[in-house]
Amino acid sequence: MSKKWKVYVTRQIPHAGIELLQKECVVLVNPYDRPLTREELLENIKDADGVLCLLTDKIDVEVFDTAKKAKGFANYAVGYDNMDVEEATKRGIPLSNTPGVLTDATADMAWALLFAVARRIVEADKFLRSGSWGGWGPMQFLGADIQGKTLGIVGAGRIGTAMALKSRGFDMQVLYHDEHKNEVMEEKLGAKQVDMDTLLKESDFISIHAPLLPSTRHMFDMQAFKKMKNSAYLINTARGPLINESELATALKSGLIAGAGLDVYEFEPKVTEDLLSLNNVVLCPHIASATTTARTNMALIAARNLLAMLKGEKAPQCINPKVYGDN
Ligand code: DGY
């Protein structure tokens with residue numbers, strides 16, 4: 001079968017996705033183990049019929065102007081704050097994401113960070129490896145209890161709901177802040193929908209699962225930290241700019257809050273220097289969806305979306321269905 005389309009994939013992804021695309025397309029993949037520079041991105045998408053891109057690629061006016069033949073852009077991520085959705089919609093260009101398949105992987109990671117920071121796992125591991133351990137001690141690495149505490153969920157979508165449901169083993173009270181009522185959390189957990197101030201004041205652990213929008217940027221800043229308990233922990237597996245990172249470092253240093261577990265950063269891949277020397281923050285390099293299963297399924301979904309766009313069919317996980325005349 002002759003291959004009709006040329007597609008560009010901006011970073012190596014699990015092979016299942018590439019293989020699926022190769023059945024019908026000539027597939028070119030970024031050969032480097034790093035994100036493309038802006039110049040490389042623009043050069044490579046110039047004559048592509050479709051692009052499978054990453055959250056590290058800014059998909060904006062310049063990209064749409066350059067990739068004149070592109071019938072669509074399939075993001076290899078559930079978050080799509082890297083894409084100018086309004087501009088794409090205006091131009092009738094479909095965009096897609098990969099919802100659903102990384103829900104549990106991400107919620108599991110939020111729990112891993114919560115445990116790691118509350119029970120000082122990373123600090124204790126470093127201490128042991130340094131050869132400093134002289135034996136069991138009653139005062140070593142005292143941390144925080146999780147059982148029976150209050151968990152605050154900011155953003156009660158798929159991942160926020162999964163995070164909340166996984167609290168059942170620890171008999172926690174669950175509060176959530178979201179513009180929509182979450183029936184599942186209310187029925188299964190007795191979770192309470194509350195305003196942001198109540199969530200900040202009453203939670204022992206806060207886990208962020210909100211999308212990055214102009215209205216949510218820096219929703220966690222000094223004002224918010226001042227409202228939190230001094231004993232509270234903040235977990236972020238959503239997007240870095242939801243937190244004012246330098247103000248978080250100040251809050252952690254001054255004991256305004258007890259600790260944080262972060263997987264995402266305001267200026268990725270840069271991390272605010274002050275955080276690097278603090279023991280009460282656990283830092284991971286944006287790996288919440290990094291299970292083999294989740295990443296493989298993301299590759300398959302992104303490939304299926306891109307193939308649909310190439311064929312002029314509706315992409316199953318289209319972000320801007322208005323391009324198909326839907327609302
Ligand atoms: C996403 O999908 O938005 C994550 O940040 C990366 O998998």
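We count ligands from 1, going down the list as the structure has it; atoms in each ligand are counted the same way.
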Interatomic distance, CG@Asn297 vs OG@Ser289, rounded to 0.5 Å, equals 11.0 Å
Per-pair distances, ligand 1 N/O vs protein N/O, less than 3.5 Å:
residue  : atom  : partner : partner atom : Å
ligand 1 : 2 (O) : Val78   : N            : 2.7
ligand 1 : 3 (O) : Val78   : N            : 3.4
ligand 1 : 3 (O) : Gly79   : N            : 2.9
ligand 1 : 3 (O) : Arg239  : NH1          : 3.4
ligand 1 : 3 (O) : Arg239  : NH2          : 2.7
ligand 1 : 5 (O) : Arg239  : NH1          : 2.7
ligand 1 : 5 (O) : His286  : NE2          : 2.7
ligand 1 : 7 (O) : Ser289  : OG           : 2.6

Any luck finding a side-chain donor-acceptor pair between Ser96 and Gln317 under 3.5 Å?
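There is no such pair between these side chains.
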Task: Distance-only donor-acceptor check, side chains Glu266 and His218, under 3.5 Å - done: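 A pair is found: one side chain offers a donor N or O, the other an acceptor, under 3.5 Å apart.
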| said: When you measure from the centre of the six-membered ring of Phe115, is the NZ or CZ of Arg119 closer than 6.0 Å and no more than 45° off the axis? | reply: no
Task: Contact check, side chains of Phe220 and Leu200, non-hydrogen atoms, under 4.5 Å - done: yes
Any salt bridge linking Arg38 with Asp60? Criterion: basic side-chain nitrogen under 4.0 Å from a carboxylate oxygen. yes
